[in-house]
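Report on one structure; see the data block that follows.
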Amino acid sequence: MKEGDFVYIDYTGRIKDTGEVFDLTNEDLAKKEGIYNPNVKYRHVPVVVGGNFVLKGLDEAILGMNVGDKKTVEISIEKGFGERKPEFIRLIAMSVFKEQNIDPNPGSYVTINGLNGRVISSDGGRIRVDFNHPLAGKRLEYDLEIKSEIKDDNEKTMAIVSYYTNLDKEDTEAKVVDKVAEIKLKSDKELPNRTRETISNGIMKWIVVEKVRFVYEYQK
C-alpha cells in the first residue's frame, strides 16, 4: 500500500504492558474478550493510507503491506496517544456541573466545554478532572490485517462517509458522476455542518472531484 490508497482493515488493539483489549473490529472476538457492546457496529474499517484516519504508528505500518497481509505492530507512546500531560488535569467548580445537571462521581466520564474527561476526585466543592486521553502514556500493540483495497470512486466516497458518520449503505448512497460526488441520505440522518464540511474536504482531497453535493430524501 502507498499513500492515498483506500483499504479496509481489521485490527485488535491491546495495551502492550497488560494485554488488555481496548478496541477491535471483530464481533466474535469482542464477545470472547467480554467487551462486546451491542451499540457498536463491528466491521472492517475504511482507511485512506497516510490520511490520518488511524494512529500514526498504525498508518506507517500499513505502508508497504498488501491485501491479505497480517502483522503485529507495536505502537510507541509518541506514535499512539502521546504522553500524559499534567496540565490536562484541572480543578472545576461544582457549580459548572450543576449548571449542566451532571453528577461528577469519581471514576465517571464527563464532557465539559466539548472536552471529555474522567473525574478523579471531589474536594471542597471543586472537582478534579483528567482530560488526558485514557490511553495517553501507554505503549500499544495491534494485530493488523489488510482485508481489501477500494478502487471504485463510488466506493471510496461511501468509505469516507462511513468513516466519519458510521452510516452504512442502508442509510445512505454515494456516487461520483462528472467529477461531482453526490451523497444521498434519509431525512432522519441529517448531518451537522461540521461533519458535512469534514466529509467534503476528505472527498475532494483524496478523490478526483470538483463538487460535493448532499441530498436528503423524504418519503411519504
Side-chain angles (χ1 to χ4, degrees), residues 1-13 22-30 36-63 65-69 81 111 114-116 133 135 142 144-220:
M1 296 297 117
K2 62 184 184 301
E3 185 172 320
D5 286 343
F6 282 64
V7 295
Y8 279 109
I9 65 172
D10 268 348
Y11 61 76
T12 301
F22 62 87
D23 192 17
L24 75 178
T25 56
N26 185 285
E27 182 175 327
D28 291 337
L29 184 57
Y36 173 74
N37 183 344
N39 297 319
V40 171
K41 291 182 179 180
Y42 295 93
R43 58 188 181 185
H44 308 326
V45 175
V47 170
V48 180
V49 182
N52 297 318
F53 280 52
V54 291
L55 294 174
K56 182 177 181 181
L58 201 56
D59 217 354
E60 291 178 352
I62 295 173
L63 284 168
M65 293 180 69
N66 297 307
V67 173
D69 284 355
F81 291 95
T111 300
L115 297 175
N116 298 320
H133 190 281
L135 295 173
Y142 279 84
L144 171 66
E145 179 180 2
I146 309 296
K147 300 299 292 186
S148 62
E149 183 177 1
I150 309 169
K151 296 187 176 182
D152 178 77
D153 282 349
N154 294 342
E155 290 295 325
K156 287 180 178 181
T157 303
M158 186 66 223
I160 291 177
V161 173
S162 177
Y163 177 85
Y164 286 113
T165 66
N166 209 30
L167 298 175
D168 51 33
K169 292 181 180 179
E170 295 178 357
D171 304 308
T172 183
E173 298 177 13
K175 62 181 179 180
V176 176
V177 179
D178 296 330
K179 295 186 178 182
V180 176
E182 181 175 285
I183 301 159
K184 183 184 294 185
L185 301 104
K186 295 181 179 178
S187 59
D188 62 341
K189 303 296 181 183
E190 186 166 354
L191 303 176
N193 289 337
R194 177 176 290 184
T195 302
R196 293 201 301 269
E197 182 178 352
T198 300
I199 290 171
S200 298
N201 290 339
I203 291 172
M204 287 190 283
K205 180 176 182 179
W206 299 108
I207 306 171
V208 182
V209 301
E210 296 176 352
K211 294 181 181 179
V212 178
R213 179 182 299 133
F214 290 87
V215 178
Y216 290 92
E217 186 175 80
Y218 297 83
Q219 295 183 352
K220 185 174 181 179

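The structure presented is a predicted model; accordingly, all values stated were derived computationally and were not measured. All heavy atoms count here, side chains included; hydrogens, waters and symmetry mates do not.
- Applying the side chain to side chain donor-acceptor pair (under 3.5 Å) rule to Asp28 yields no partners; only residues at least two apart in sequence or on another chain are considered.
- Once rounded to the nearest 0.5 Å, the distance linking CE of Met204 with NZ of Lys211 reads 11.0 Å.
- Rounding to the nearest 0.5 angstrom, the gap separating the OH atom in Tyr164 from the CG atom in Asn201 is 8.5 Å.
- In this structure, the side chains of Thr172 and Met158 come closer than 4.5 Å at one or more pairs of heavy atoms.
- One finds the CG atom of Asn154 at 6.5 Å from the OG1 atom of Thr157 (value rounded to the nearest 0.5 Å).
- Considering every non-hydrogen atom in both Val161 and Thr165, the closest pair reads O-OG1, 2.6 Å.
- Annotation for Met1 and Asn66: closest pair CE-CA, 4.2 Å, computed over non-hydrogen atoms.
- Between Lys184 atom NZ and Arg213 atom CZ the span is 11.5 Å, to the nearest 0.5 Å.
- No side-chain heavy atom of Val67 sits under 4.5 Å from any side-chain heavy atom of Val7.
- A distance of 13.0 Å separates CG of Asp69 from CD1 of Ile9, quoted to the nearest 0.5 Å.
- Put simply, the side chain of Thr25 never gets that close to the backbone of Tyr42: no donor and acceptor are under 3.5 Å apart.
- Between Ser162 and Arg43, the closest side-chain pair of non-hydrogen atoms falls below 4.5 Å.
- Looking only at distances, a side-chain donor or acceptor of Lys41 sits under 3.5 Å from a matching main-chain atom of Asn166.
- The minimum heavy-atom distance between Phe214 and Ser200, with the atom names listed, is CE1-OG, 3.4 Å.
- Shown here for Tyr216 and Leu191, the closest heavy-atom pair between the two residues is OH-N, 3.0 Å.
- Residues Leu58 and Leu144 have side chains in contact (heavy-atom distance under 4.5 Å, counting atoms from C-beta outward).
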When you look at Tyr11 and Asp23, which way does the side chain to side chain donor-acceptor pair (under 3.5 Å) test go after all the steps?
CA-CA 8 Å; Tyr11 61 76; Asp23 192 17; 3.0 Å; yes
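- Without hydrogens or angle criteria, Asn37 side chain to Asn39 main chain gives a donor-acceptor distance under 3.5 Å.
- Phe53 places none of its side-chain heavy atoms less than 4.5 Å from the side chain of Asp59.
- Residue Ala159 comes nearest to Tyr8 through the heavy atom pair CB-OH, 4.2 Å, listed as atom of the first residue, atom of the second, then distance.
- The backbone N or O of Asn116 sits nowhere less than 3.5 Å from a side-chain atom of Thr111 that would complete a donor-acceptor pair.
- In this pair, Phe22 and Tyr142 present their aromatic rings perpendicular. The plane angle is above 60°, beyond the 30 to 60° band.
- Taking all atoms of both residues into account, the shortest heavy-atom contact from Ile146 to Met65 is CG1-CE, 3.8 Å.
- To the nearest 0.5 Å, the span separating CZ on Arg196 from CD1 on Ile199 amounts to 9.0 Å.
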